[in-house]
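Presented below is the structure to which this report refers.
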Number of protein chains: 2
Amino acid sequence: MGGMGLSARDAVEQIRRAVPSERVLVDPEVMAGLSQDQAVWAPVGLPAAVVRVASTAEVQAVVQACIRYGVPIVPRGAGTGLSGGANAVDGCVVVSTERMNTIVEVDALERLAVVQPGVVNDDLRAAVADYGLWYPPDPASSPWSTIGGNVATNAGGVCCAKYGVTRDYVIGLELVNPLGEVVRVGRRTAKGVAGYDLVGLMVGSEGTLGVVTEITVKLRPLPPNPITVAAYFDTLSDAGAAIEAVAAAGLTPSALELVDRHCLAAVDAWKNMGLSTDAQVVLLGRVDEPGEAGAAAAEEMAGCFRRAGATWAERSTDEDEAEALFAARRLAFPALERLGPVLTEDVCVPKGRVAEMLGRIEEIALSNEVTIANIAHAGDGNLHPLLITPLGDEAARARAQNAFEQILAAALELGGTVTGEHGIGLLKRPGLDAELSMEVLQMHRAIKRALDPANLFNPGKIFDA
Amino acid sequence: MGGMGLSARDAVEQIRRAVPSERVLVDPEVMAGLSQDQAVWAPVGLPAAVVRVASTAEVQAVVQACIRYGVPIVPRGAGTGLSGGANAVDGCVVVSTERMNTIVEVDALERLAVVQPGVVNDDLRAAVADYGLWYPPDPASSPWSTIGGNVATNAGGVCCAKYGVTRDYVIGLELVNPLGEVVRVGRRTAKGVAGYDLVGLMVGSEGTLGVVTEITVKLRPLPPNPITVAAYFDTLSDAGAAIEAVAAAGLTPSALELVDRHCLAAVDAWKNMGLSTDAQVVLLGRVDEPGEAGAAAAEEMAGCFRRAGATWAERSTDEDEAEALFAARRLAFPALERLGPVLTEDVCVPKGRVAEMLGRIEEIALSNEVTIANIAHAGDGNLHPLLITPLGDEAARARAQNAFEQILAAALELGGTVTGEHGIGLLKRPGLDAELSMEVLQMHRAIKRALDPANLFNPGKIFDA
């Protein structure tokens with residue numbers, strides 16, 4: 001048993017009385033696979049145990065044991081996070097909610113679903129589609145990531161430009177709070193203003209304020225079939241101008257994604273999808289207004305692309321082909337990971353500053369001699385420069401870290417944020433300090449201390465309490 | 001100078017050094033008009049002063065003076081609230097932000113506006129319409145209420161069924177916090193997850209966590225012209241069935257309002273709009289899908305109304321006539337107020353329980369011998385039974401109070417909330433205790449104490465700190 005002090009040993013013993021022992025893991029090798037997310041650059045501690053909880057009562061029992069013995073708790077979904085938010089700290093108990101994967105209820109009339117935290121995003125989407133309904137937030141990890149993890153990070157995705165992020169859909173939560181109490185916050189009704197917005201506060205709090213055990217989300221009707229418009233550009237700068245032109249034209253794309261040649265080449269090398277083009281940058285736009293309005297919007301978007309200098313821009317006539325391009329977009333991150341450790345950025349800037357930000361990223365790549373691939377939810381200014389370093393090359397790693405910090409600084413300078421959708425976790429803590437004033441950080445700490453006075457929940461994530 | 005203890009006298013003296021004396025009001029008669037909102041049944045205290053602040057710096061000076069001398073602060077917009085949230089407490093300083101009414105910026109490309117808190121809702125809507133943009137939240141008070149007040153209560157309105165409430169549009173805030181610091185929370189970008197959602201926490205906190213001094217809201221493109229479908233019903237029960245049928249058909253109305261004959265008669269008696277009909281209940285639906293989709297949705301809504309028993313249901317061919325009906329809806333509350341003190345309910349129940357809730361309200365009216373008029377944002381289950389009592393009739397008032405509590409209890413029993421959009425203020429404090437668990441109330445108190453340790457901001461509103 002690694003990382004287990006005396007008090008942790010007592011806590012684990014108490015947990016074993018509430019949770020069957022096959023779901024209380026203490027073997028360091030077994031735990032290793034459940035002790036970190038995909039932020040491979042972030043530090044990872046050695047937990048005292050990983051508990052695969054199966055019910056709210058088990059979560060409460062684990063939390064109460066940890067409170068009693070002062071043991072840190074690190075909640076965990078599928079571990080697809082990109083900021084280190086789910087990384088274990090030494091001697092903690094990792095609470096994995098993957099087994100709590102029941103879709104409790106879909107209510108088509110009220111347009112809501114109630115799910116346990118371990119339900120995989122795509123599984124929820126498939127289940128509600130049977131009712132003609134849609135759960136929009138669609139992080140690229142949607143085939144694997146869980147709604148609980150999506151709630152912890154306030155996950156975004158491709159459709160956010162038009163349809164919003166996780167927080168826009170969560171209306172009620174059951175959670176075990178840091179006092180070990182099972183509480184319900186929020187509502188089931190369309191509206192409600194009874195008290196503070198504790199639901200919104202929990203969403204995006206990265207496991208620092210409790211363990212979510214049930215989630216009520218609102219749903220939308222499935223949107224009309226989208227029309228895809230693809231375009232190739234010779235430079236990031238032209239693509240950036242096209243993104244601004246789409247916003248200036250007053251269009252509201254249901255997706256507007258950017259993928260550069262590094263990403264396309266990596267996906268193609270892996271999946272042999274026949275993607276490689278001569279384009280340096282591809283933009284993938286989608287509109288989903290019904291009927292003629294959609295056709296008109298698609299035409300206008302293609303026009304924006306062309307006027308900004310696209311070497312090719314067309315409305316897709318083949319939805320399979322269009323879907324393949326979006327699949328390639330979703331596979332970009334794992335494809336690049338095959339080439340070496342990837343440091344993922346997640347800055348978000350105003351739409352009118354995307355072109356400038358892309359230019360800054362190019363300069364930073366050059367001056368630091370770092371390979372930077374770019375994918376982006378370009379329509380909402382959320383850029384994901386991916387910094388790639390050869391495995392084991394410490395000098396390259398240091399240069400990449402320097403580039404990472406420079407990109408954060410550039411985003412703030414352009415009126416943006418250090419994290420659009422991945423969260424602060426461990427990787428962006430210096431970025432948070434740079435973005436928020438001392439006074440606002442103190443407000444964060446005051447709330448954390450108020451709700452988690454013993455600082456047991458995911459300590460050290462987001463900020464030092 | 002009424003209600004002024006020694007410490008309040010010192011605070012006002014300090015305030016006079018920062019704010020020109022013509023905007024520091026201490027005459028009890030002048031203050032009376034600025035000491036309460038429209039919840040005429042809620043208790044009102046006597047302030048030490050009402051300060052008409054004109055800048056963030058003045059707000060900060062007022063707050064710092066109040067902190068120094070331990071004087072309560074009651075923030076105030078236009079005073080159109082309906083729960084007593086803006087009512088003065090004895091010896092407080094009321095901070096009126098009506099003078100801070102500058103629209104600082106409209107950015108069409110980023111689809112956002114930055115406003116001071118005293119900007120009137122309709123003024124913001126008019127200003128952004130010049131850019132083809134739209135700020136959706138539209139409380140019935142929109143010609144008078146301010147964005148600051150809308151933020152404090154998380155105001156809703158007619159279009160919320162489709163387009164959401166105030167919190168869905170506020171992305172950034174400047175505020176003076178209870179430590180007297182000017183802080184900025186939130187963002188200007190489309191997305192952002194840097195730290196806790198302090199913006200969402202402030203929205204709907206009814207002035208208990210700070211004074212908002214600047215608000216950044218996101219905007220949408222102006223929607224297509226709506227199609228209005230009106231229908232008459234003989235009973236509330238039939239109208240309730242129609243509301244459920246619209247939800248069951250999968251329609252997403254941009255408005256679905258209920259107005260009963262009490263309201264129509266009161267508006268007509270006041271404004272002579274020629275509204276009176278033989279209908280007991282009118283439903284006003286709107287759809288705004290573009291082109292043929294809208295026409296189809298309107299036809300389907302009319303069908304839902306007819307099948308539920310409407311005595312008449314037609315798509316309006318005259319948009320002026322349709323607008324008059326919506327105007328009557330908005331005037332219902334002030335029209336009824338002319339008949340006697342109105343106690344306004346604001347329950348929200350699941351859409352599938354609206355018919356049942358309307359039935360309960362009728363029973364409660366009968367058993368308590370109280371006249372109850374009904375208006376409702378029916379499409380999202382948000383009902384506003386209006387309890388009307390003859391002025392000075394104490395027995396009737398007691399019966400109305402009893403009916404009020406019974407309606408809250410019935411809403412909770414049907415899975416609803418005691419307040420859909422008006423807030424807790426003073427009137428709904430027992431309702432909040434009934435709706436939230438002790439543990440969740442304690443979480444509220446912990447946050448309040450963490451951010452406002454001296455309990456100076458709007459003390460006694462929402463809950464006892």
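The basis for the numbers below is simple: all heavy atoms, side chains too, and nothing from hydrogens, waters or symmetry mates. Computed from a predicted model, the values in this text were never measured in an experiment. Protein chains get the first letters and strands the later ones, always in sequence-line order, with residue 1 at the start of each.
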Hey, which of B:Val185, B:Leu112, B:Val183 has the most heavy atom pairs under 4.5 Å with chain A? B:Val183
Can you tell me which portion of B:His377 sits under 4.5 Å from chain A's heavy atoms? Options are side chain, backbone, both or neither. side chain
Could you check which of B:Leu209, B:Val418, B:Leu436 has the highest count of heavy-atom pairs closer than 4.5 Å to chain A? B:Leu209
Sort A:Leu109 into side chain, backbone, both or neither according to what part of it lies under 4.5 angstrom from a heavy atom of chain B. both
Hey, which of B:Gly204, B:Ala293, B:Gly352, B:Pro221 has the most heavy atom pairs under 4.5 Å with chain A? B:Gly352
What part of B:Pro350 gets closer than 4.5 Å to chain A, counting heavy atoms only: side chain, backbone, both or neither? both
Evaluation steps, side-chain contact (heavy atoms from CB on, under 4.5 Å), between A:Asp197 and B:Met202: CA-CA 8 Å; A:Asp197 181 21; B:Met202 286 301 302; over 6 Å; no
Please evaluate residues A:Glu421 and B:Lys191 with respect to the criterion salt bridge (charged side-chain N to carboxylate O under 4.0 Å, His left out), reporting the C-alpha separation (whole Å), side-chain torsions for both, the decisive distance (0.1 Å), and the verdict. CA-CA 7 Å; A:Glu421 58 180 12; B:Lys191 290 154 72 183; 2.7 Å; yes
Tell me which of these, A:Ala190, A:Cys348, A:Pro224, A:Gly200, has more heavy-atom pairs under 4.5 Å with chain B than the rest. A:Cys348
Is it the case that more than 12 heavy atoms not belonging to B:Glu105 sit under 6.0 Å from its CD atom? yes
Under 4.5 Å, counting heavy-atom pairs only, tell me which of A:Met443, A:Glu435, A:Arg445, A:Arg184 racks up the most with chain B. A:Met443
Min side-chain heavy-atom separation B:Leu451-A:Ile447 under 4.5 Å: yes
Residue selection (most heavy-atom pairs with chain A, distance under 4.5 Å) from B:Ile424, B:Val347, B:Asp380, B:Thr417: B:Asp380
Where does A:Leu441 contact chain B at under 4.5 Å (heavy atoms): side chain, backbone, both or neither? neither
A:Leu251 versus chain B, the contacting section by heavy-atom distance below 4.5 Å: backbone
Among A:Ala446, A:Gly291, A:Gly431, A:Gly415, single out the residue with the greatest number of heavy-atom pairs under 4.5 Å to chain B. A:Ala446
At a heavy-atom separation under 4.5 Å, does B:Asn154 approach chain A through its side chain, its backbone, both, or neither? both
side-chain hydrogen bond (donor to acceptor under 3.5 Å, both in side chains) assessment of B:Thr252 paired with A:Arg111: CA-CA 11 Å; B:Thr252 307; A:Arg111 287 187 185 163; 2.8 Å; yes
So for B:Gln442, is it side chain, backbone, both, or neither that comes closer than 4.5 Å to the heavy atoms of chain A? neither
Check: A:Gly195 main-chain N/O paired with B:His444 side-chain donor or acceptor under 3.5 Å: no
Ranked by heavy-atom pairs below 4.5 Å to chain B, first place among A:Ala247, A:Gly132, A:Gly192 goes to A:Gly192
Is there a donor-acceptor pair closer than 3.5 Å between any side-chain N or O of B:Glu439 and the backbone N or O of A:Val182? no
So which part of A:Phe463 gets closer than 4.5 Å to some heavy atom of chain B, the side chain, the backbone, both or neither? side chain
Check whether A:Val165 gets within reach of chain B through its side chain, its backbone, both or neither, counting any heavy atom under 4.5 Å. side chain
Under a 4.5 Å heavy-atom cut-off, does chain A meet the side chain of B:Arg167, its backbone, both or neither? side chain
So which of A:Asn177, A:Leu198, A:Val199, A:Val203 has the biggest tally of heavy-atom pairs under 4.5 Å with chain B? A:Leu198
Counting heavy-atom pairs under 4.5 Å to chain B, which of A:Lys351, A:Arg220, A:Glu244, A:Glu181 comes out on top? A:Lys351
